[in-house]
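What follows is a set of notes on a single structure, which appears directly below.
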Amino acid sequence: MNGNLYNQLLTDIQSYTKSQFQLLKVQSIEQMSLLIGLIMTIVAITAIVVIGLIFLAIALAAWLEQWLPMWASYLVIAGGMGLIALGVYWGRRLWFVRPIEKHLSEVVMDNPAPLKQQKQSIENQSAMQRELLQRDLATVQRDWAQVQQLFALLREIISPKKEV
């Protein structure tokens with residue numbers, strides 16, 4: 001009976017460890033996706049700003065000078081580029097982060113389900129396994145205490161009593 005309990009404890013420890021590694025993978029993908037998405041957003045915004053300022057500013061400013069003063073035409077162009085940059089920033093999760101998460105989860109994870117769903121499932125599984133481990137460890141500790149009491153009782157019975 002106790003051998004069964006110890007085997008179950010080892011099985012629970014293995015299962016718990018595996019789920020912790022799965023959770024670590026999910027969290028790593030999540031963090032890498034955010035980081036890569038941020039880098040790509042910065043690169044995209046920078047490219048838009050630089051290219052936009054070089055080509056569009058000159059061309060549109062010359063065109064707008066027909067109706068506006070030179071300084072006003074440059075302000076209109078700068079405002080347009082700022083709006084484009086804001087659009088890229090606001091769409092970064094849709095255009096960069098989510099596709100990266102999806103791709104990395106397909107490559108790294110066993111199950112290509114959405115990352116949030118995987119993370120929640122693994123966290124739930126991990127919590128259940130933690131409870132099982134705590135229960136099993138408490139049982140093992142109780143059994144060990146009983147074994148120690150039994151040995152103490154046996155020592156008391158077996159050891160010769162000294163007469164004074």
Side-chain angles (χ1 to χ4, degrees), residues 1-57 76-158:
M1 175 85 178
N2 283 341
N4 233 358
L5 179 64
Y6 296 122
N7 287 337
Q8 182 63 39
L9 179 63
L10 286 176
T11 302
D12 290 344
I13 289 172
Q14 289 172 340
S15 180
Y16 179 74
T17 304
K18 184 177 179 180
S19 71
Q20 289 300 308
F21 280 122
Q22 288 291 332
L23 182 61
L24 180 63
K25 281 196 235 179
V26 168
Q27 290 171 336
S28 297
I29 290 171
E30 196 173 52
Q31 294 302 317
M32 284 188 317
S33 298
L34 288 172
L35 180 62
I36 292 170
L38 178 63
I39 290 169
M40 291 178 71
T41 302
I42 290 170
V43 168
I45 290 172
T46 302
I48 288 170
V49 169
V50 169
I51 292 171
L53 289 175
I54 291 172
F55 294 107
L56 289 177
V76 168
I77 293 166
M81 291 298 121
L83 290 175
I84 292 171
L86 278 175
V88 169
Y89 178 75
W90 287 333
R92 73 187 181 282
R93 289 197 67 71
L94 178 65
W95 298 323
F96 301 120
V97 175
R98 287 186 191 142
I100 291 169
E101 279 181 358
K102 184 178 185 293
H103 178 70
L104 287 176
S105 69
E106 288 173 354
V107 170
V108 176
M109 301 302 291
D110 299 330
N111 179 9
L115 207 55
K116 285 185 180 183
Q117 181 183 358
Q118 286 185 45
K119 184 177 178 183
Q120 187 63 43
S121 172
I122 293 169
E123 285 173 346
N124 291 342
Q125 182 182 4
S126 179
M128 288 184 349
Q129 290 169 340
R130 190 174 329 144
E131 289 175 16
L132 285 173
L133 281 174
Q134 288 171 346
R135 186 197 69 209
D136 292 346
L137 285 172
T139 304
V140 168
Q141 288 172 341
R142 186 187 70 235
D143 289 352
W144 180 246
Q146 290 174 347
V147 167
Q148 287 177 325
Q149 288 174 349
L150 181 63
F151 278 130
L153 183 63
L154 284 173
R155 265 189 245 119
E156 199 174 295
I157 292 171
I158 295 175

Supply the atom-to-atom distance [X] [atom1] to [Y] [atom2], rounded to the nearest 0.5 angstrom.
{"X": "Glu131", "Y": "Met128", "atom1": "CD", "atom2": "CE", "answer": "8.5 Å"}
{"X": "Ile29", "Y": "Lys25", "atom1": "CD1", "atom2": "NZ", "answer": "8.0 Å"}
{"X": "Phe55", "Y": "Ile77", "atom1": "CZ", "atom2": "CD1", "answer": "14.0 Å"}
{"X": "Leu137", "Y": "Gln134", "atom1": "CG", "atom2": "CD", "answer": "8.0 Å"}

Exam field: side chain Ser15 to backbone Thr11, donor-acceptor pair closer than 3.5 Å: no
Any side-chain donor near an acceptor of the partner, Gln129 and Ser19, under 3.5 Å: yes
Exercise: do Asp12 and Gln8 side chains pair donor with acceptor under 3.5 Å: yes
Sole candidate of Gln22, Gln20, Lys18 that passes side-chain hydrogen bond (donor to acceptor under 3.5 Å, both in side chains) when paired with Ser126: Gln20
Verdict with supporting geometry, Asp143 and Gln146, side-chain contact (heavy atoms from CB on, under 4.5 Å): CA-CA 5 Å; Asp143 289 352; Gln146 290 174 347; 3.8 Å; yes
Donor-acceptor pairs under 3.5 angstrom involving side-chain atoms of residues 80-89: please list them, not counting sequence neighbours.
none

Evaluation steps, side-chain contact (heavy atoms from CB on, under 4.5 Å), between Gln27 and Leu23: CA-CA 6 Å; Gln27 290 171 336; Leu23 182 61; 3.9 Å; yes
Donor-acceptor pairs are to be reported for all side-chain atoms of residues 34-51 against protein atoms at under 3.5 Å, with residues two or more places apart or in another chain.
unit_1	atom_1	unit_2	atom_2	d
Thr41	OG1	Gly37	O	2.6
Thr46	OG1	Ile42	O	2.6

